[in-house]
Amino acid sequence: MNNHPSRALASEGMEGNHDGQADAELRAVIDEVRGWIAEAQRIVVLTGAGISTDSGIPDFRGPQGVWTKDPSAEKTATLAHYMGDPEVRRRSWRTRVDHPAWRAEPNPGHRALVELQARGTLDTLVTQNIDGLHQEAGVDPALVVEIHGTMREVVCMSCDERAPMERALARVQAGEEDPPCRSCGGILKSATISFGQNLVPEDLQRAAAAADRADMLLAVGTTLGVYPAANLVPIARVGGARIVIVNGSPTEMDHLADAVLRGSISTLLPALVG
Ligand SMILES: [Zn+2]
């Protein structure tokens, strides 16, 4: 199945300001990929920060990225700093209270993926995002693997108890700068995977098994440079799946794709799936 030549096409033409030939070419690739998606039976979608930027959630390392603009903020995402330094935790809680994700809403890119679920062809949605917007858009939580965890819960680093993030944030807003676990007094952290923290093996196995059985892997909004998530692409390819990459910029795995569509994700995904 993988003898199609890989094609990279930019979608800026969709917003005009482009010559007609590029538009026609892009249109043709969109039509072809639409057909592939329509005939696929087991689609695995891998999403990264790029699908949520149109919901107002900045990515980390892009030009407007959180860590690009404030490199010291990366410390709050490193487990050893978080556990070892109360000031890092206090800062981290203040940032969480103001996080744009609490006001964010799913965009047309998120909603297009719900359409795959409605067709019954969405096997698994693996996301590197922690914002919960796929579930908010209507994807069945049972189909979602959040390999980097979720910011919508907190976890106690001593007793492993989990609780809704909003309760912890209410405590912060009521004056607790670094609220401890109510059960054991341990350090609370958002239920995300920090640097220096292992991913959850069951989640990784689930994602890899899905990629292996998929007949299409759609990678959206990720530069495919972070492992082990990026490994899903070669796993799916070896398993015989078609690979389609939709991203705003080139990715590390464009050479493995049957088609690469470059441009606005919230424009392209509805065109492919809507
Ligand atoms: Zn505890």
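Being a predicted model, the structure only gives us computed values, none of them experimental. In listed order, ligands and their atoms are each counted from 1.
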Can D254 and R262 be said to form a salt bridge (Lys or Arg N to Asp or Glu O under 4.0 Å), step by step?
-> CA-CA 10 Å; D254 287 355; R262 204 166 288 155; 2.9 Å; yes
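Using modelled atom types and a 3.5 Å distance limit, the side chains of S55 and E105 yield no donor-acceptor pair. The closest side-chain donor-acceptor pair between T127 and E146, if any, does not fall under 3.5 angstrom.
For D178, the side chain to side chain contact (heavy atoms under 4.5 Å, CB included) partners are R89, R90, W93, not counting sequence neighbours.
Taking the charged nitrogens against the carboxylate oxygens, R119 and E115 do have a contact shorter than 4.0 Å, which makes a salt bridge.
Taking CG of L116 as the reference point, atom CD1 of I37 lies at 6.5 Å (rounded to 0.5 Å).
Around the Zn ion (ligand 1), protein N, O or S atoms at less than 2.8 Å comprise C156 SG, C159 SG, C181 SG, C184 SG.
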